[in-house]
*Asks:* 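I am attaching a structure below and will ask some questions about it afterwards.
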Number of protein chains: 2
Amino acid sequence: MADLLSVAKLAGVSRATAARAFSSPDLVRPATRERVLNAAQQLAFRPNKIAQQLRSQATQMIGVMVPSLDNPVFAEQLQAMEVAARAAGYSLIVTTSEYSPSREGDIVEEMLRQRVDGLVLTVAEADNSAVLVKLSLETTPCLLVYNPPGNSGFPSIGVDNRAASADATRHLITLGHERIGMVAGPLLQSDRARQRFDGYCHAMDEAGLIAHPLVEMARHTQADLKSLTPALQGPDALSAVVCTNDLLAISLMGELQRAGFNVPSDLSVMGFDGIALGKHLYPSLCTIEQPRADIGRTAVHTLLAMIRGEECTPDPLPHALRKGESVGTPTSRKSTLSTS
Amino acid sequence: MADLLSVAKLAGVSRATAARAFSSPDLVRPATRERVLNAAQQLAFRPNKIAQQLRSQATQMIGVMVPSLDNPVFAEQLQAMEVAARAAGYSLIVTTSEYSPSREGDIVEEMLRQRVDGLVLTVAEADNSAVLVKLSLETTPCLLVYNPPGNSGFPSIGVDNRAASADATRHLITLGHERIGMVAGPLLQSDRARQRFDGYCHAMDEAGLIAHPLVEMARHTQADLKSLTPALQGPDALSAVVCTNDLLAISLMGELQRAGFNVPSDLSVMGFDGIALGKHLYPSLCTIEQPRADIGRTAVHTLLAMIRGEECTPDPLPHALRKGESVGTPTSRKSTLSTS
DNA sequence: TTGTACGCGTTATCAC
DNA sequence: GTGATAACGCGTACAA
């Protein structure tokens with residue numbers, strides 16, 4: 001590929017002048033500029049970003065790490081980030097960690113070697129993350145997304161999970177539900193899920209209701225009905241559940257219906273995240289909408305501010321309750337317990 | 001950040017030796033190597049990829065452009081690509097085009113300036129794409145995904161859309177359906193959708209059935225029932241439809257059910273793509289499964305082969321029919337036409 | 001086995 | 001206005 005020197009030669013000027021024709025066009029006489037631009041055209045010259053980056057010690061690249069793109073929450077956030085970054089002249093290097101700490105480490109190391117100007121990460125556990133302590137010793141700006149801003153020391157973008165989860169629970173309480181449970185992925189292995197459980201407990205307490213023990217599913221994004229069945233039987237059967245994420249809620253609804261339960265009359269199901277698809281289902285998913293696009297945009301803008309050297313302590317973004325057909329008023333105790 | 005020279009100084013060797021300690025460890029005496037590595041450790045030295053890239057004229061970076069990450073099809077493909085790329089020591093620069101030709105152009109230009117080693121693109125229209133003619137004049141390897149391998153001249157990874165769509169249609173025919181329609185996004189503005197319509201027509205012809213005119217929805221991934229309603233009324237009412245993608249099918253199912261139709265007894269709905277979520281819905285989505293993960297992996301491996309200079313003409317990947325509850329046998333003409 | 005020296009393509013600081 | 005020249009950080013042919 002043609003470089004600046006060949007362009008300069010063809011135009012009959014020095015490399016410096018050729019360079020100026022691009023970076024500061026007004027510093028060069030119009031006629032000369034023309035010649036350079038023409039030469040560049042003829043040679044199909046394309047500025048080499050690598051060289052620019054080496055020279056300027058800045059890459060205009062942002063390193064992004066999310067757990068998985070199979071979850072629309074992250075994909076939708078990434079979509080927004082990409083648009084915002086591009087608009088600001090930045091590119092995204094995208095990686096997935098699968099929540100694996102060792103992968104997290106490798107990925108961040110790789111991105112630092114690539115000299116990204118900043119990092120946007122969603123880690124498994126912000127408060128107890130090897131990769132974050134490593135990063136705290138570096139100078140590369142780093143921003144968390146979705147991870148609650150705990151004592152990790154890094155600024156974080158996201159909603160107030162505890163408050164949002166409490167709101168979800170209160171919505172059910174307002175409708176008259178009293179026996180409300182929470183369904184989550186394995187071991188509460190995510191700091192977000194834990195906060196959401198907190199919020200649920202808080203709202204229950206506040207209403208004088210007893211919080212039930214967490215119903216743990218084997219997988220993070222796929223419900224298995226068996227784990228829930230016990231809580232659906234007997235005189236204390238739940239009339240509503242809050243799931244810690246939408247994929248879990250959607251698959252739970254499917255399982256329930258397939259087993260002969262009606263949603264919401266047998267069980268109201270509430271999600272958390274607000275992925276786009278939830279609106280189009282039947283019954284449509286009642287959920288907490290995290291402003292995913294806004295989160296993505298804000299993450300990029302905040303990181304750019306940090307790169308410029310500004311100090312940032314972003315506020316939580318507002319969540320919203322999205323009503324949906326998957327939640328209804330509690331019906332009188334159903335007489336027949338149909339279990340598969 | 002510490003550079004190789006400071007490491008060399010601290011270790012009491014020349015820069016060349018320090019460099020070798022990393023790139024060809026066996027060319028340097030173990031004792032010396034130790035000293036270098038120790039020095040590197042102390043200085044928190046991190047190799048500068050930019051410099052390596054400039055020097056080696058290779059970036060180990062793949063440029064990826066998809067229409068949108070809001071569609072799980074692309075997100076899931078990307079997930080697989082990222083894993084495969086990382087395993088091979090490559091990074092991904094990810095961009096979204098929103099199907100806009102001008103954005104496509106900007107993005108590709110930007111990636112070429114970044115000197116990516118290769119490109120993986122999904123464009124709106126492969127046969128008539130400005131960005132592809134531009135790329136045909138370049139030497140950077142380029143591979144299409146999902147776009148049918150038409151006369152664009154670029155190798156392409158994906159399923160045989162025409163055959164897959166015919167299979168979907170035949171599945172309905174086998175179940176006894178005769179009045180089968182196809183539902184698509186706007187204007188068939190996607191080459192894939194057009195091929196899928198072709199396949200549908202072919203299967204209908206083959207069975208001696210008449211292909212219905214395409215039912216066009218205003219949006220690519222969201223059904224509006226009104227456009228379909230006419231085809232659902234009267235003596236010739238459809239008993240089944242094939243949608244050109246899963247998001248369309250899922251939202252259509254939701255709309256139908258919300259309007260009082262039963263799926264599949266009033267209308268069987270078939271999707272196309274096989275996004276993960278479809279399995280967990282109720283009714284579960286009957287669809288054509290594109291091997292999205294395999295497509296992503298194969299795309300990366302094929303591109304790497306091209307980067308190595310090998311000639312590639314990949315075969316279409318096999319699709320599969322995924323049965324689901326959204327499709328049933330046709331019922332006798334329903335007596336009451338319930339329209340909202 | 002180790003050191004010297006050059007080039008990768010730009011940009012910025014000087015002179016002219 | 002324009003041209004020479006020195007970095008930016010690294011890899012490697014060549015010489016020692």
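Quick note on labels: first sequence line is chain A, next is B, and so on, each numbered from 1.
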*Asks:* Please give, in whole Å, the distance from C:dC6 C1' to B:R15 CZ?
*Replies:* 10 Å
*Asks:* Do any pairs count as a side-chain hydrogen bond (donor to acceptor under 3.5 Å, both in side chains) and have a residue in residues 43-52 of chain A, sequence neighbours left out, and if so which ones?
*Replies:*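 Passing the test, one end in residues 43-52 of chain A: A:R46-B:E109, A:R46-B:E138, A:K49-B:E110.
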*Asks:* Tell me whether A:E125 is salt-bridged to A:R194, with the criterion being a basic N under 4.0 Å from an acidic carboxylate O.
*Replies:*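 Yes, charged N to carboxylate O under 4.0 Å.
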*Asks:* Could I get the full list of salt bridge (Lys or Arg N to Asp or Glu O under 4.0 Å) partners for A:D106, not counting sequence neighbours?
*Replies:*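 Listed in chain order: nothing, the list is empty.
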*Asks:* Please examine the side chains of B:R192 and B:N147, heavy atoms only from C-beta on, and report whether any two atoms are closer than 4.5 Å.
*Replies:* yes
*Asks:* Decide yes or no on side chain to side chain contact (heavy atoms under 4.5 Å, CB included) for A:L121 and A:F154, but give the supporting numbers first.
*Replies:* CA-CA 10 Å; A:L121 312 179; A:F154 290 97; over 6 Å; no
*Asks:* Phosphate oxygens OP1/OP2 of C:dT2: is one of them under 4.0 Å from a side-chain N or O of B:T17?
*Replies:*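 Result: no.
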*Asks:* Specify the residues of residues 39-51 of chain B, ordered by number, for which at least one heavy atom lies under 4.0 angstrom from an atom of DNA chain C.
*Replies:*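 Going residue by residue through residues 39-51 of chain B, none turns out to have a heavy atom under 4.0 Å of DNA chain C.
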*Asks:* Would you please name every residue forming a side chain to side chain donor-acceptor pair (under 3.5 Å) with B:D70, sequence neighbours left out?
*Replies:* none
*Asks:* Less than 4.5 Å apart, side chain to side chain, heavy atoms only: is that true for A:R292 and A:Y146?
*Replies:* yes
*Asks:* Could you list by number each residue of residues 55-62 of chain A showing a heavy-atom separation from DNA chain D of less than 4.0 Å, or answer none if no residue does?
*Replies:* A:R55, A:Q57
*Asks:* Tell me: CE of A:M1 to P of C:dC8, nearest whole Å?
*Replies:* 15 Å
*Asks:* Within a reach of under 6.0 Å around NZ of A:K134, are more than 12 heavy atoms found that belong to other residues, nucleotides or ligands?
*Replies:*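 It does: A:K134 NZ has more than 12 such atoms within range.
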*Asks:* Output all residues satisfying side chain to side chain donor-acceptor pair (under 3.5 Å) with A:E311, sequence neighbours left out; order by chain, then residue number.
*Replies:* none
*Asks:* Is any side-chain heavy atom of B:F74 closer than 4.5 Å to a side-chain heavy atom of B:T96?
*Replies:*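 A side-chain contact under 4.5 Å is absent here.
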*Asks:* Heavy-atom distance under 4.5 Å between the side chains of B:L303 and B:D117, does that happen here?
*Replies:*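 No, every pair of side-chain atoms sits at 4.5 Å or beyond.
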*Asks:* What closest approach, in Å, do A:L143 and A:P155 show between heavy atoms, and which atom pair accounts for it?
*Replies:* CD1-O, 3.4 Å
*Asks:* Does the side chain of B:V83 reach to within under 4.5 Å of the side chain of B:R297, using non-hydrogen atoms?
*Replies:* no
*Asks:* Do A:I62 and A:L304 make a side-chain contact, defined as non-hydrogen atoms from C-beta onward lying under 4.5 Å apart?
*Replies:* yes
*Asks:* Quick one about B:Q114 and A:Q53 (side-chain donor to acceptor, distance below 3.5 Å, no hydrogens or angles considered), yes or no?
*Replies:* yes
*Asks:* Give every residue pair that meets the ring-ring contact (aromatic ring centres under 6.0 Å, His included) criterion with at least one member in residues 100-121 of chain A, sequence neighbours excluded.
*Replies:* none
*Asks:* Could you tell me whether B:R86 and A:E98 have a side-chain N and a carboxylate O separated by less than 4.0 Å?
*Replies:* no
*Asks:* Tell me the ring-ring contact (aromatic ring centres under 6.0 Å, His included) pairs involving residues 12-34 of chain B, sequence neighbours left out?
*Replies:*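 As it turns out, the ring-ring contact (aromatic ring centres under 6.0 Å, His included) pairs with a partner in residues 12-34 of chain B, which skip direct neighbours, are B:F22-B:F45.
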*Asks:* Of all of residues 2-12 of chain B, which get a heavy atom below 4.0 angstrom from DNA chain D, listed by number?
*Replies:*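 Correct list: B:D3, B:L4.
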*Asks:* Heavy atoms of chain B, cut-off under 4.0 Å: which first and last nucleotide of DNA chain D, 5' to 3', fall inside that, if you could look?
*Replies:*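 Extent of the interface on DNA chain D: D:dG9 to D:dA13.
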*Asks:* Could you list the protein-to-nucleotides 13-16 of chain C atom pairs, N/O on both sides, closer than 3.5 Å?
*Replies:*
none

*Asks:* Contact class for A:T32 vs. all strands (heavy atom < 4.0 Å): base, sugar-phosphate, or nothing?
*Replies:*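 Counting heavy atoms under 4.0 Å across all strands, the contact made by A:T32 is with sugar-phosphate only.
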*Asks:* If you find the nucleotide of DNA chain C closest to B:R33 and the one closest to A:S23, which residue's nucleotide is nearer the 5' end?
*Replies:*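 Comparing both residues, the 5'-ward one is B:R33.
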*Asks:* Can you measure B:R113 atom CZ to C:dT11 atom P for me and round it to whole angstrom units?
*Replies:*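 Atom-to-atom, B:R113 to C:dT11, this comes out as 11 Å.
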*Asks:* Taking five pairs at each end of the helix from C:dT1-D:dA16 to C:dC16-D:dG1, what angle separates the two helix axes (nearest 10°)?
*Replies:* 40°
